[in-house]
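We name chains A, B, ... by the order of the sequence lines, and we start the count at 1 in each one.
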Amino acid sequence: EGEKYILVSHAPDSDTWWNTIKNGIALAGEQVGAEVEYRNPPTGDIADMARIIEQATASGPDGIITTLADFDVLKGPISAAVDQGIDVIIMNTGTPEQAREIGALMYVGQPEYDAGFAAGQRAKDEGVTNFLCVNHAIQQPTVGERCRGYADGLGIDLGDSMMDSGTDPSEIKNKVLAYLSANPDVDGILTLGPVSADPTIAALQENGMAGAIHFGTFDLGEEIVKGIKDGTINWGIDQQPFLQAYMPVVILANWDRFGVLPGNNINSGPGFVTKDALTKVEEFAGEYR
Amino acid sequence: MADPIIQMKEIQKHFGSVIALAGVSVDVFPGECHCLLGDNGAGKSTFIKTMSGVHKPTSGEIVFEGQPLDFADPRDAIAAGIATVHQHLAMIPLMSVSRNFFMGNEPVRKIAGLSFFDHDYANRVTMEEMRNMGINLRGPDQAVGTLSGGERQTVAIARAVHFGAKVLILDEPTSALGVRQTANVLATIDKVRKQGIAVVFITHNVRHAMAVGDRFTVLNRGQTLGTAVRGEITPEELQDMMAGGQEMVQLEGSLGGTV
Amino acid sequence: MADPIIQMKEIQKHFGSVIALAGVSVDVFPGECHCLLGDNGAGKSTFIKTMSGVHKPTSGEIVFEGQPLDFADPRDAIAAGIATVHQHLAMIPLMSVSRNFFMGNEPVRKIAGLSFFDHDYANRVTMEEMRNMGINLRGPDQAVGTLSGGERQTVAIARAVHFGAKVLILDEPTSALGVRQTANVLATIDKVRKQGIAVVFITHNVRHAMAVGDRFTVLNRGQTLGTAVRGEITPEELQDMMAGGQEMVQLEGSLGGTV
Amino acid sequence: MADTTDERIKEISPLRRALIRPELGGMVGTVAVFTLFALFAFDSGMFNSQGVMNWSIVSAQFMIIAVGACLLMIAGEFDLSVGSMIGFAGMMIAVFGVVLAWPMWIAILITFVICCALGALNGWIVVRTGLPSFIVTLAFLFILRGFTIYIPQTVERKTIIGGIRDAAEGDWLAPIFGGKIGQPIFQWLGDMGVIGVFERGTRAGQPVVDGIPMLIVWAIALIIFGHILLTRTRFGNWIFAAGGDAEAARNSGVPVNKVKILMFMFTAFCATVFAVCQVMEFGSAGADRGLLKEFEAIIAVVIGGALLTGGYGSVIGAALGALIFGVVQQGLFFAGVESSLFRVFLGVILLFAVILNTYIRRIITGER
Amino acid sequence: MADTTDERIKEISPLRRALIRPELGGMVGTVAVFTLFALFAFDSGMFNSQGVMNWSIVSAQFMIIAVGACLLMIAGEFDLSVGSMIGFAGMMIAVFGVVLAWPMWIAILITFVICCALGALNGWIVVRTGLPSFIVTLAFLFILRGFTIYIPQTVERKTIIGGIRDAAEGDWLAPIFGGKIGQPIFQWLGDMGVIGVFERGTRAGQPVVDGIPMLIVWAIALIIFGHILLTRTRFGNWIFAAGGDAEAARNSGVPVNKVKILMFMFTAFCATVFAVCQVMEFGSAGADRGLLKEFEAIIAVVIGGALLTGGYGSVIGAALGALIFGVVQQGLFFAGVESSLFRVFLGVILLFAVILNTYIRRIITGER
Ligand SMILES: Nc1ncnc2c1ncn2[C@@H]1O[C@H](COP(=O)(O)OP(=O)(O)OP(=O)(O)O)[C@@H](O)[C@H]1O
Ligand SMILES: Nc1ncnc2c1ncn2[C@@H]1O[C@H](COP(=O)(O)OP(=O)(O)OP(=O)(O)O)[C@@H](O)[C@H]1O
Ligand SMILES: [Mg+2]
Ligand SMILES: [Mg+2]
């Protein structure tokens, strides 16, 4: 009772997707009766994130839950925490192999590249031959991996199909419009999260290509769910961030209390969310989904 | 003599640990040119700044037209009829001469109930007034920054005179001026005074002071050494007082009497 | 008479569309005080700026100690021995008096082979020199920004004099000064001149010019009206020339002869 | 004293004189930019009706914030909190209109009041303490962004609040920000074949451009207002004076503090207009809205010929700066340039523009 | 002329006089911050060996860039491209050392040369065109960040390049940036039980803090160097003069342009030191490195009492500002404050610090 767990993410303050994570740990903390904290580097600088993990280690929590956004950078601080007897669970980014290498208990999440690859394969089957990948966080290395995986899954060279869109919705919308009218042969779009997906939906509605162009996206949100429902979006890849946050807290608490631990890593995604199973998603999008 | 238009009573002004004015009292009458003289750092500029609403006096009272007065900022003083040409000019280099001339007193013309800046009027008046002061402008839209120091000084004075106030304060207006412009300014002071306007004139030049002054107040280290009336004091006596009582440098031979 | 230390030959300077100097030639001899006179905007400041390396002349030649000379910047001029006190001062308000005094000429002391700023020496010299000029400082670390305009002017002159150059250029050094400080500056000019240093002295005050000047050059609208030698010209003639040929304002009655 | 000519002034040709104005840099830049893209991206769709609407909207956005930033900059200050203010304003509307479910027009009006008050606070601190606005508004950049993340997180456990479009349904004030005008004209133009119509999808048969968004109307209105205010009114003279030399202006009786505070409020007002238009268009408010917009506003203003240190500039110039910015940004996409190079282009254009403007300004103000 | 006292100057107590210095604000702030956290976060691990090391490293990072920003700001300019320069420098090392596989010391040296040259270019443009450094360095902010994203994207198809630690193995220069000193002492302290030791893993038995990172050594060295340069040398006087009034300084024979360009280079040098230490410690370079660090440097310097407009400030003050910044940032984490509120705190502290500093400066320079 009263254990302290700290979750450290690599996301800048402005990245709205991480909200679900905050809610996930808060709920889990409440349910198991542990104290939970969320921390992130304000600008998304992964080197700053390393300092935060060191800080978290120094404050002596019972466990740290962290992403592995850049293995090189975070290897040192995380293994130092592990070696001091702090239990670590890797969530969201990274791979199970890397998690094992630095001595983490387990991995809960969706390896970005693999998820992108799966998305690419599916899109290929659905007939995509030429794509646009809207990246709203070009400076962050992790999300870009999704584009790379997607391109490889499609078997196309990434080339300059990855757009540095910025985060302003009007700019994203208009950049997408400009790109599509300059490249009429594009028949597939991948967005990397609600920040880029919402304006892209608006763009497609405006130029009338909604439903006519193959549109896949990562992560969920209110608008994305609506888009899936009305057919603008073919599928959303749900990596179930809620699980990524909720599970580690519960697992750590049970490990600390009873010494029980699942024998395997948990792949929270990729799960393709299509029109069919939407009710729950709709209700909790942006909050727990 | 009429009542004084402005009375400064026991004005003190402290800046942090510096006592710039240690109780100075001066009366100014309409139609007189009151010269304020004194050494560098005597507190002349500080004194007139309290008069024109730039500084609030630390203690002391200002009586304007018989009413005790408390200016919150220079705008109040200007509205009350006190126009000031400050030592460190009041011109904006990047703005045109005509915009500068009317700064704070912009002429307006109503169009459809809305007030607009009357540029034609402003340009015309500016050109005229500057020609009267002996400055030939390229045009009213010339930037003040392209004028020489003396030319700028002249614009500032012309402006203060144009908006004919009840009290006109000039802080060393002639210090940067050429002979011709100086003569102009002195003639202007004379003209203004004759219109019944009170002029407060700060200068280091005894001759300029003697030329137009009616009364002379000498400040020294934040205190007044008294006020003298024209004719009751010789230029030499005035000069000695301005030097502030400290012994003068030995200049008798070649340089005496010329300063 | 010795050879001129500096010869300015047909100096022209244009600023964009403005012709500030239209061919001015002046010689300056060691040990003389050469007064540069003229109306506002005549080009005096521009002229001495070409002499002190601030401006490059558009055309014309400068000969210094018999050698044609081409200053890239003021530092070269200072190194060659030309010290200048500019009209718009050369003081940094936020810096202490002593740092200002030695700006560009910092005294250094070697410690372990490295050069360090010698603060003790700088402070001592500054206090001494300022006391000689009649300014009482609170301390050498007082910021220049807390001095009055006249006090700052005095610091600038004291500095130029201290670093005894071959040519000392003073651009309206007395315009903001009180009587005592003016007397001091004139005495200083006199002293410096007697040491064989050439002084170029710009002023609008005929009396100041007559007090110390050996020769007088009058500029008008970017051209020279000729050079007169002391004794060959009366103050009245000089005054007329300075007014630049345009007819004088009518001041004969009360104001005549006083400017 | 009668000679009105001065032989020391060289002739300037009347043409040159007419051209030499603060906006010149912006005009040259605009022409250059359009020429360039007409050459390299003409058949990319950049100049068909849809393409034109595309970069017009982006430019209009920049214009809205540039007008505020321009007047403020001429008044001698600048505001780094514009971007955060945009995020904050959007979030306020969402909180009032969606979370508290107040009528949308009340939410919008209250947001305007709050944001203008924050602008006034910014200005008040600047004029009272005499601190540089860089520092004060940098502090507000952080403070407002912090609250923009914190508030929705606390009240809704979300950082994007959606459903604003639904909440605004039937409201009288919302369409003034989020609507379009001139639909009949565009429909007619579409029918006439002047502008294309959708060939497929849900909107087949409708014109591809079906109206002028209010965003553009707001941009034009603000530009006209700003331009007249600056050049044709007494207050405009005060703005120049306050920025040129606050001390001198104050001594001349210009209420400098009032002018500066009002300009901070106007900047906040423009940021709020931007935010309201955006949330009405997209239907959601996010904690990440407006990032870096403060720089984009300043860049547009500076490209348009204003002086960063105040006292000089023009609203028309700022509007042209915003247009250049918008056209370049979108044009690079049309031209198919690798998108991460956009920043490089932006930096280079900024440099060239300011160097050109400096040259022009030197000529105007006489080489100082 | 003999009286050396002036009856018009009120007495100032010697104590007050000794206290009133540019650093005072920083000192007061430091004491206040430590007191606060000692009260509210004492048992959070903030003051154990690991905690101390944590905020020391963060502060040292700020200090390294603050020293450069401080001298540059005193010289009258500032540099918004510091953050982009950090990212760019790191990426250069990765490109030379990993992609091209040159020996690491060559990669480091070439990176220093390139970055200092870019700093000089910044400075050269500023002094040649007379443009405000805000604009010029803002352009470089975009240009350098653009290249930092574009280059790895083009050569490696990623925005992150790893493997630097392996490439630096056995290099003679790399440990000067990425190493640690004083290990024996810390080992001894660990053995004595003064500081904790690892409980498990390959490093079991070793102290948790096993040396002072070179980062901290660099920070201290740069502070000492900067402080001496500024206060005790001729060049330091020139820095003050260049920032106080460039024209006046130039007229007095100070080589203002040279001073400014050198200070831009020094700022770039500090940014590069930061970057090299970072990539050597973490082994990878990313396009996200250094984001917003330019503001953090400026904030630290301003908290430390320097004047944004130049001519006034102190390196010690800037170092204290960096310390305050680092301690507050990490301390808020230790104290468990909601992370989105961090920015709010930062903004408020910044405001308070500058107001305090302004008050102090007014006293020093006499109320102008
Ligand atoms: N804002 C201020 N803060 C601090 N001290 C000041 C301030 N203004 C003036 N002083 C000091 O007050 C004293 C009087 O200054 P003031 O400018 O009034 O002198 P002045 O008589 O006008 O001198 P000058 O003839 O040189 O213009 C000086 O010692 C000056 O340093
Ligand atoms: N940098 C410059 N750019 C443009 N014009 C200039 C510049 N400097 C001076 N001028 C112009 O050159 C002319 C001569 O100016 P200068 O300052 O040399 O006059 P001056 O004789 O020193 O006048 P004063 O007695 O008023 O100081 C003036 O008309 C001025 O406007
Ligand atoms: Mg004075
Ligand atoms: Mg001059």
Please say whether more than 12 non-hydrogen atoms of neighbouring residues, nucleotides or ligands are located less than 6.0 Å from CZ in D:F147.
no
Where on E:V302 is there a heavy atom nearer than 4.5 Å to chain D: the side chain, the backbone, both, or neither?
side chain
Does any heavy atom of chain D fall under 4.5 Å from the side chain of E:L144, the backbone, both, or neither of them?
neither
Can you tell if the side chain of E:V33 reaches within under 4.5 Å of the side chain of E:L323, non-hydrogen atoms only?
no
Best-contacting candidate, E:I349, E:I135, E:L307, against chain D by heavy atom pairs under 4.5 angstrom:
E:I135
Measure E:F352 against the heavy atoms of chain D and call it side chain, backbone, both or neither at under 4.5 Å.
neither
So do E:F134 and D:I298 actually touch side chain to side chain, heavy atoms under 4.5 Å?
yes
E:F140 backbone acceptor or donor facing E:N122 side chain under 3.5 Å
no
With a 4.5 Å cut-off on heavy-atom pairs, point out which of D:V354, D:V136, D:N357 contacts chain E the most.
D:V354
Quick one: of E:T129, E:T309, E:L341, who has the most non-hydrogen atom pairs under 4.5 Å with chain D?
E:L341
Fit a plane to each ring of D:F295 and E:F295, take the angle between them on a 0 to 90° scale, and name the class: parallel (under 30°), tilted (30 to 60°) or perpendicular (over 60°).
parallel
So, for E:F240 and E:Y312, is the gap between ring centers shorter than 6.0 Å?
no
D:I355 versus chain E, heavy atoms under 4.5 Å apart: side chain, backbone, both or neither?
both
